[in-house]
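Quick caveat, the model's predicted, so the values are computed rather than measured.
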Amino acid sequence: MKVVNAAKEDIKQWLILAVEVEELFGPMVNDPLFVRTLERNICEGRAFCIRENDGVPGEPLLGGILISTRNAPSYKIGWLAVSEKARNQGAASALMRHVLELFQSPAEVSVVTFGEDLEGGLPARKLYEKFGFVPQEDPVPRGPEGGGRQLYILMLD
C-alpha cells in the first residue's frame with residue numbers, strides 16, 4: 001500500500017469514499033464546504049491517499065487523510081477514512097505513519113474523533129491510541145449526526 005499525494009483526478013473517488021463513512025462523519029458529499037476543503041487540501045499538498053493496486057490518479061481509493069499544517073508546530077488531522085473493503089489491512093496505519101513523518105518535531109498533533117458513545121468509532125480511537133495519541137478532557141461539540149466527539153493529542157519530541 002503506497003501513500004501518495006492526492007490529485008484533482010481523485011476528487012470523484014474521494015467523494016465515493018466519503019459516502020461510505022457519512023453515517024459516522026455526517027453529511028459531506030453534498031456539503032460545498034467539505035468539497036472546497038478537499039479541493040484546497042489537494043491543491044496545497046495536504047491530502048494523501050492510497051489508491052487500489054497503487055493505481056494512477058482517479059482510481060478507486062482505499063483510504064485518505066487530510067491534514068492542517070497552518071499552525072505548525074501544532075498540526076491537525078482533519079479527516080481520515082478507509083474504504084470498507086480495505087479495513088483491517090493496514091491502510092489507516094500507513095496513512096498515519098506517512099503524515100506523522102511529515103511533521104517536524106517538537107510538535108503537537110491533534111485530532112477530533114468519535115466519542116465512546118459511537119460504537120462505529122472504536123476502530124478510530126484504537127488507531128490513534130496505537131500511535132500514542134492521548135484522549136483529552138476538553139469538551140468537544142457533538143458531531144453533525146449527533147454523536148459524541150473526543151479530542152486526542154500526540155506530542156512529538
Side-chain angles (χ1 to χ4, degrees), residues 1-70 75-103 109-133 135 140-154:
M1 276 186 230
K2 183 177 170 187
V3 177
V4 296
N5 283 68
K8 288 181 182 181
E9 296 85 355
D10 293 313
I11 291 173
K12 179 181 177 188
Q13 295 300 324
W14 204 291
L15 294 175
I16 290 170
L17 174 61
V19 167
E20 284 191 42
V21 296
E22 279 188 322
E23 184 177 318
L24 278 173
F25 284 63
M28 294 176 287
V29 175
N30 294 317
D31 180 351
L33 178 59
F34 175 76
V35 176
R36 282 194 309 271
T37 300
L38 173 59
E39 291 170 343
R40 186 180 65 247
N41 276 268
I42 288 173
C43 288
E44 295 175 2
R46 294 182 285 114
F48 305 92
C49 62
I50 299 172
R51 298 183 191 108
E52 277 189 16
N53 303 313
D54 296 328
V56 299
E59 294 288 322
L61 300 183
L62 298 179
I65 189 168
L66 304 176
I67 62 170
S68 174
T69 58
R70 189 171 329 164
Y75 302 97
K76 288 184 181 177
I77 296 170
W79 196 86
L80 169 62
V82 173
S83 172
E84 192 172 328
K85 64 183 165 194
R87 292 184 188 151
N88 298 312
Q89 297 178 27
S93 292
L95 290 162
M96 285 296 300
R97 277 191 298 277
H98 182 82
V99 298
L100 291 177
E101 289 174 4
L102 298 176
F103 302 148
V109 184
S110 65
V111 63
V112 173
T113 192
F114 309 104
E116 291 183 7
D117 61 324
L118 291 171
E119 186 179 324
L122 180 61
R125 293 192 304 276
K126 284 184 172 185
L127 172 75
Y128 295 121
E129 290 171 7
K130 175 177 118 176
F131 278 89
F133 284 79
V140 179
R142 296 185 85 68
E145 82 305 332
R149 294 294 187 262
Q150 176 71 55
L151 172 65
Y152 278 80
I153 301 284
L154 171 66

For residues [X] and [Y], determine if any side-chain heavy atom of one lies less than 4.5 Å from a side-chain heavy atom of the other.
{"X": "Ile65", "Y": "Met96", "value": "yes"}
{"X": "Leu100", "Y": "Leu154", "value": "yes"}
{"X": "Phe103", "Y": "Ile67", "value": "yes"}

Next on the checklist: Just to verify, what does Phe25 make a ring-ring contact (aromatic ring centres under 6.0 Å, His included) with, not counting sequence neighbours?
Outcome noted: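 Listed in chain order: Trp79, Phe114.
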Considering all heavy atoms of both residues, which atom of [X] and which atom of [Y] are nearest to each other, and what is their separation?
{"X": "Leu102", "Y": "Phe48", "result": "CD1-CZ, 3.4 Å"}
{"X": "Ala91", "Y": "Ala86", "result": "CB-O, 4.3 Å"}
{"X": "Ala92", "Y": "Leu127", "result": "CB-CD2, 3.8 Å"}
{"X": "Gln13", "Y": "Gly58", "result": "CG-O, 3.3 Å"}
{"X": "Leu17", "Y": "Val82", "result": "CD1-C, 3.7 Å"}
{"X": "Ala81", "Y": "Leu95", "result": "O-CD1, 4.4 Å"}

Item to check | salt bridge (charged side-chain N to carboxylate O under 4.0 Å, His left out) contacts touching residues 4-28 (sequence neighbours left out) | outcome: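 Listed once each, the pairs are Asp10-Arg51.
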Checklist entry - Who are the salt bridge (charged side-chain N to carboxylate O under 4.0 Å, His left out) partners of Asp117, not counting sequence neighbours? => result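 Here the qualifying residues are Arg142.
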Rounded distance [0.5 Å steps], [atom1] in [X] versus [atom2] in [Y]:
{"X": "Leu118", "Y": "Arg149", "atom1": "CG", "atom2": "CZ", "result": "6.0 Å"}
{"X": "Ile77", "Y": "Phe131", "atom1": "CD1", "atom2": "CZ", "result": "9.0 Å"}
{"X": "Thr113", "Y": "Leu24", "atom1": "OG1", "atom2": "CG", "result": "8.5 Å"}

Next on the checklist: Does the plane of the ring in Tyr152 sit parallel, tilted or perpendicular to the ring in Tyr128? Use 30° and 60° as the thresholds.
Outcome noted: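 Tilted.
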Item to check | Other residues, nucleotides, ligands: >12 heavy atoms within 6.0 Å of Asn30 CG | outcome: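 For Asn30, atom CG is not crowded (no more than 12 foreign heavy atoms under 6.0 Å).
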Next on the checklist: If you apply the rule side-chain contact (heavy atoms from CB on, under 4.5 Å), what do you find for Phe34 with Leu15, and how did you get there?
Outcome noted: CA-CA 10 Å; Phe34 175 76; Leu15 294 175; 3.8 Å; yes
Next on the checklist: Once side chain to side chain donor-acceptor pair (under 3.5 Å) is applied, what residue pairs with a partner in residues 85-98 remain, sequence neighbours excluded?
Outcome noted: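 For residues 85-98, and leaving out neighbouring residues, the side chain to side chain donor-acceptor pair (under 3.5 Å) pairs sorted by first residue read Glu52-Lys85, Ser93-Lys130.
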Checklist entry - Cys49 and Val4: side-chain contact (heavy atoms from CB on, under 4.5 Å), yes or no, with the steps? => result CA-CA 6 Å; Cys49 62; Val4 296; 4.0 Å; yes
Donor-acceptor list for residues 37-44 side chains, cut-off 3.5 Å, not counting sequence neighbours:
unit_1, atom_1, unit_2, atom_2, d
Thr37, OG1, Leu33, O, 2.8
Asn41, OD1, Arg46, NH1, 3.0
Asn41, ND2, Thr37, O, 2.7
Glu44, OE1, Arg46, NE, 3.3
Glu44, OE1, Arg46, NH2, 2.1

Next on the checklist: My understanding is that only residues two or more places apart in sequence, or in another chain, count here; which of them pass side chain to side chain contact (heavy atoms under 4.5 Å, CB included) with Ile153?
Outcome noted: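 Per chain and number, Ile153 pairs via side chain to side chain contact (heavy atoms under 4.5 Å, CB included) with Glu108, Ser110, Gln136, Leu151, Met155.
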